[in-house]
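Not measured: the values here are computed from a predicted model.
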Amino acid sequence: MSNNLEKMDSNLRQYFSSQKLLPILTVDEKEVCEDLANLLCESGLNTFEVTLRTQVSLEVISKMSSLGNFVVGAGTLISPSDVSSAIKAGAKFGVSPGITPELLDECEKHSFPLIPGVSTASEIMNAYLRGFKILKLFPADVLGGAKMLKALAGPFPECEFFPTGGINQSNANEYLNLTNVIGVAGSWMAPRELIKERDWSKIRKIVKMSDWKI
């Protein structure tokens, strides 16, 4: 593993050493940044992912990165230009739905920690051979959920996973109890529509119900 990859892996492990749940945020208005960040912070969720799915995503990453001691990641990274834009916006790590050589090259070039998305054994092999050991299994529920992860533990003992897709407060523990799961990610804690409606009380209630400290 190159020095860049060692640094990237170390940083990711530091970000998630005490936080096992990664909130995925899709934000349509940058004006909600402070309220949303403060809500997550009061629940001890200082690390979260902002998806690049809206016109203000990069501004949201920049704004939330400047508020307090937050670790803001950029999600839905697809191209090398997404990586460079996320870095300029202040993102500390990235998450992708899949992998391409170009995407991995760009992240390694900038020592930008990436949780690359995988859905097959071949994709896991490609990522692992490049030095990426923390991977996003997506879409986890469709692929077989916890059963799939148990099956992957045998041939890939050095890989750890962030299952994403179909995760919620009722099944998160099933994943978190697996030895090859470093954490789970999901948008159920702060759904896009509730953020748009600025329904902080409902989001706060959902967050408090999530047993994220396991």
Side-chain angles (χ1 to χ4, degrees), residues 1-19 21-41 45-118 123 126-127 130-136 138 162 164-165 182-183 185-187 189-192 195-196 198:
M1 183 184 291
S2 70
N3 290 336
N4 279 4
L5 284 165
E6 287 180 359
K7 180 181 178 182
M8 292 157 63
D9 184 83
S10 176
N11 285 342
L12 280 177
R13 293 183 187 282
Q14 179 183 347
Y15 297 154
F16 297 102
S17 61
S18 60
Q19 183 177 318
L21 190 151
L22 176 64
I24 299 175
L25 311 176
T26 299
V27 184
D28 295 273
E29 298 175 309
K30 58 185 178 181
E31 289 78 15
V32 306
C33 288
E34 190 165 354
D35 287 336
L36 182 56
N38 288 337
L39 186 158
L40 293 172
C41 182
L45 295 170
N46 298 312
T47 301
F48 41 83
E49 169 192 338
V50 175
T51 67
L52 299 188
R53 299 180 190 173
T54 71
Q55 293 183 344
V56 298
S57 295
L58 293 171
E59 293 178 83
V60 170
I61 290 172
S62 179
K63 177 63 176 178
M64 297 185 86
S65 295
S66 70
L67 297 172
N69 190 29
F70 296 111
V71 177
V72 184
T76 327
L77 298 182
I78 295 175
S79 67
S81 62
D82 288 338
V83 175
S84 57
S85 296
I87 292 171
K88 290 178 182 177
K92 293 293 192 299
F93 67 95
V95 184
S96 66
I99 56 173
T100 65
E102 294 80 8
L103 185 69
L104 300 183
D105 286 344
E106 190 71 12
C107 290
E108 188 173 358
K109 174 184 173 182
H110 296 284
S111 298
F112 185 62
L114 176 72
I115 305 175
V118 295
E123 290 174 345
N126 285 329
R130 284 291 303 264
F132 292 83
K133 296 182 180 180
I134 298 177
L135 309 171
K136 166 184 171 178
F138 175 80
F162 251 107
T164 309
I182 192 171
S187 58
M189 288 166 294
R192 183 176 184 176
I195 295 175
K196 289 176 71 173
R198 306 190 187 196

Quiz item: Looking only at heavy atoms, which two atoms of F132 and L114 are closest? And how far apart?
Solution: CD2-O, 3.9 Å
Quiz item: Which pair of heavy atoms, one from P116 and one from S96, lies closest together, and at what distance?
Solution: CA-OG, 3.3 Å
Exercise. Could you check N4 against K7 for side-chain contact (heavy atoms from CB on, under 4.5 Å), going step by step and ending with a plain yes or no?
Key: CA-CA 5 Å; N4 279 4; K7 180 181 178 182; 5.8 Å; no
Quiz prompt | Qualifying residue, where the test is side chain to side chain contact (heavy atoms under 4.5 Å, CB included) with L25 and the options are L40, V72, T51, V32 | solution = L40
Quiz item: Taking atom CZ of R53 and atom CZ of R192, what is their separation to the nearest 0.5 Å?
Solution: 8.0 Å
Quiz prompt | Check against side-chain contact (heavy atoms from CB on, under 4.5 Å), L22 and F93 | solution = CA-CA 12 Å; L22 176 64; F93 67 95; 4.1 Å; yes
Quiz prompt | Shortest non-hydrogen separation from P113 to L12 and the atoms involved | solution = CB-CG, 3.7 Å
Quiz item: Of the non-hydrogen atoms in C41 and F70, which two are nearest, and what is the gap between them?
Solution: CB-CE2, 3.6 Å
Exercise. Report yes if the side chains of K196 and T26 come closer than 4.5 Å at any heavy-atom pair, otherwise no.
Key: no
Quiz item: What's the spacing between T47 OG1 and Q14 CD if we round to 0.5 Å?
Solution: 9.5 Å
Exercise. With the side chain counted from C-beta on, respond yes when L103 and V83 share a heavy-atom pair under 4.5 Å apart, and no when they do not.
Key: yes
Practice problem: With side-chain contact (heavy atoms from CB on, under 4.5 Å) as the test, would you mind laying out the steps for K63 and K30 before giving the verdict? | Solution: CA-CA 8 Å; K63 177 63 176 178; K30 58 185 178 181; 5.7 Å; no
Practice problem: Might you point out which heavy atoms bring F112 and A91 nearest each other, and give the distance in Å? | Solution: CE1-O, 3.4 Å
Quiz prompt | Q19 (side chain) donor-acceptor with N46 (main chain) under 3.5 angstrom | solution = yes
Quiz item: What is the distance from atom CD of E49 to atom OG1 of T76, rounded to the nearest 0.5 Å?
Solution: 6.0 Å
Quiz item: Are the side chain of D82 and the backbone N or O of S79 linked by a donor-acceptor pair below 3.5 Å?
Solution: yes
Quiz prompt | Test log, rule side-chain hydrogen bond (donor to acceptor under 3.5 Å, both in side chains), inputs T54 and S57 | solution = CA-CA 5 Å; T54 71; S57 295; 3.0 Å; yes
Quiz item: After noting the C-alpha distance and the side-chain angles of M64 and L36, does the key distance pass the side-chain contact (heavy atoms from CB on, under 4.5 Å) rule?
Solution: CA-CA 9 Å; M64 297 185 86; L36 182 56; 4.3 Å; yes
Quiz item: Using 4.0 Å as the upper bound for N to carboxylate O, is an ion pair formed by D9 and R13?
Solution: yes
Practice problem: Please name the residue in the list I134, V71, L21, I115 that meets the side chain to side chain contact (heavy atoms under 4.5 Å, CB included) test with F16. | Solution: I115
Quiz item: So do D28 and V56 actually touch side chain to side chain, heavy atoms under 4.5 Å?
Solution: no
Self-check item: Taking every non-hydrogen atom, the tightest pair across S84 and E106
Solution: CB-OE2, 4.3 Å
Practice problem: Rounded to the nearest 0.5 Å, what's the gap from CD1 on I195 to CG on D35? Could you check? | Solution: 11.5 Å
Quiz item: Roughly how far apart are N3 CG and M8 CE, rounded to 0.5 Å?
Solution: 12.5 Å
Quiz item: If you round to the nearest 0.5 Å, how far is CD of E6 from OG of S111?
Solution: 11.0 Å
